[in-house]
Amino acid sequence: MSEPVETHRDELLSAARTAVGDEIRSITYFTEDDVEQLYLRDDLDQTADLVGFAENERKGFHAQALYANTQLGDYRFTVRVFDNGYLTRVITNDHGVWVTADSMDIDRFEELASALATILRSFDPT
């Protein structure tokens, strides 16, 4: 993974932990070409298919352009709902983060996305 994400790893972890708390399951950073899990809660399976998840979440790079200049306004974040938790994806320019979490109040998703987007905007992955 590139040096910029290494430099901002603790910042991304701290922002996600602050917004989500003990409900956090995992944090994964990704670009078009790479994916790195930054955190995985101890009680979860260590063999998750990150590449498969990344392929799906990378579709957000294309969607970001499709939503540009629409009446909806700028893309901010995506929340996916599953039986056992939630996935929040934030993309800024050419990189993004997805965070998985147990059940939590909807306002915390917006807080999480806002904090992660601020950090992603602060560095360039290339």
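Along the sequence shown, residues are numbered consecutively beginning with 1.
In this structure, Asp42 places its CG atom where only 12 or fewer heavy-atom neighbours from other residues, nucleotides or ligands lie under 6.0 Å away. For Asp22, the CG atom is loosely surrounded, since the number of other residues' heavy atoms within 6.0 Å does not exceed 12.
Counting heavy atoms from C-beta on, the side chains of Thr78 and Arg80 come closer than 4.5 Å. Annotation: side chain of Leu66 is not in contact with side chain of Gln64 (no heavy-atom distance under 4.5 Å). Put simply, the side chain of Leu87 reaches to within 4.5 Å of the side chain of Phe53, judged on heavy atoms. Counting heavy atoms from C-beta on, the side chains of Thr88 and Trp98 never come closer than 4.5 Å.
Judged by distance alone, with hydrogens and angles left aside, the side-chain atoms of Ser114 form no donor-acceptor pair with the main-chain N or O of Glu111 at under 3.5 Å.
In terms of heavy-atom proximity, Arg108 sits nearest to Ala19 at NE-O, 3.1 Å. Residues Ala16 and Ile24 come closest through the heavy atom pair CB-CD1, 3.7 Å. The two residues Ala101 and Val20 make their nearest non-hydrogen contact at CB-CG1, 3.8 Å. Across every non-hydrogen atom of Asp45 and Thr47, the tightest pair is OD1-OG1, 2.8 Å.
Under 3.5 Å, the side chains of Arg25 and Thr100 contain no donor-acceptor pair of N or O atoms.
Residue Asp33 holds its CG atom at 5.0 Å from OG1 of Thr31, rounded to the nearest 0.5 Å. The structure places CG of Leu50 at 4.5 Å from CD of Gln37, a figure rounded to the nearest 0.5 Å. Considering CG of Leu120 and OH of Tyr29, their distance stands at 7.0 Å, rounded to 0.5 Å. The distance from the CD atom of Glu11 to the OG1 atom of Thr118 is 9.5 Å, given to the nearest 0.5 Å. How far NZ of Lys59 is from NE2 of His62: 11.0 Å, rounded to the nearest 0.5 Å. Residue Leu40 holds its CG atom at 4.5 Å from CD of Gln46, rounded to the nearest 0.5 Å.
Using a cut-off of 4.0 Å between Lys/Arg side-chain N and Asp/Glu carboxylate O, Arg58 and Glu55 are scored as salt-bridged. Classification of Asp102 and Arg41 as a salt-bridged pair holds, one side-chain N sitting under 4.0 Å from a carboxylate O. Taking a cutoff of 4.0 Å between a charged side-chain nitrogen and a carboxylate oxygen, Glu23 and Arg17 do not qualify as a salt bridge.
Linking ILVMFWY residues whenever their side-chain heavy atoms come closer than 4.5 Å, directly or via other members, places Leu13 and Ile119 in the same cluster. Val79 and Leu112 fall within the same hydrophobic cluster, where Ile, Leu, Val, Met, Phe, Trp and Tyr residues are linked whenever their side-chain heavy atoms come under 4.5 Å apart, directly or through other members. In the hydrophobic clustering of ILVMFWY residues, with side-chain heavy atoms under 4.5 Å counting as a link, Leu72 and Phe77 come out apart. Leu44 is not connected to Val51 by any chain of hydrophobic side-chain contacts under 4.5 Å among Ile, Leu, Val, Met, Phe, Trp and Tyr, and they are in different clusters.
With sequence neighbours excluded, no residue forms a ring pair (Phe, Tyr, Trp, His ring centres under 6.0 Å) with Tyr75.
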**Asked** Can you list the steps and then say if His95 with Phe30 is a ring pair (Phe, Tyr, Trp, His ring centres under 6.0 Å)?
**Response** CA-CA 6 Å; His95 59 160; Phe30 66 104; 9.0 Å; no
**Request:** Mind running ring pair (Phe, Tyr, Trp, His ring centres under 6.0 Å) on Phe109 and Tyr86 for me, showing each step along the way?
**Result:** CA-CA 9 Å; Phe109 290 107; Tyr86 299 88; 5.0 Å; yes
**Request:** Report the C-alpha separation of Glu32 and Asp94 in whole Å, then their side-chain angles, then the decisive distance to 0.1 Å, and conclude whether the side chain to side chain contact (heavy atoms under 4.5 Å, CB included) test is met.
**Result:** CA-CA 7 Å; Glu32 284 282 359; Asp94 297 328; over 6 Å; no
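Tested against Leu38 for a side chain to side chain contact (heavy atoms under 4.5 Å, CB included), the candidates Val97, Leu12, Asp10 yield a single pass: Leu12.
Within the structure, every pair that satisfies the salt bridge (Lys or Arg N to Asp or Glu O under 4.0 Å) test and touches residues 66-76, not counting sequence neighbours, is listed here: Arg76-Glu110.
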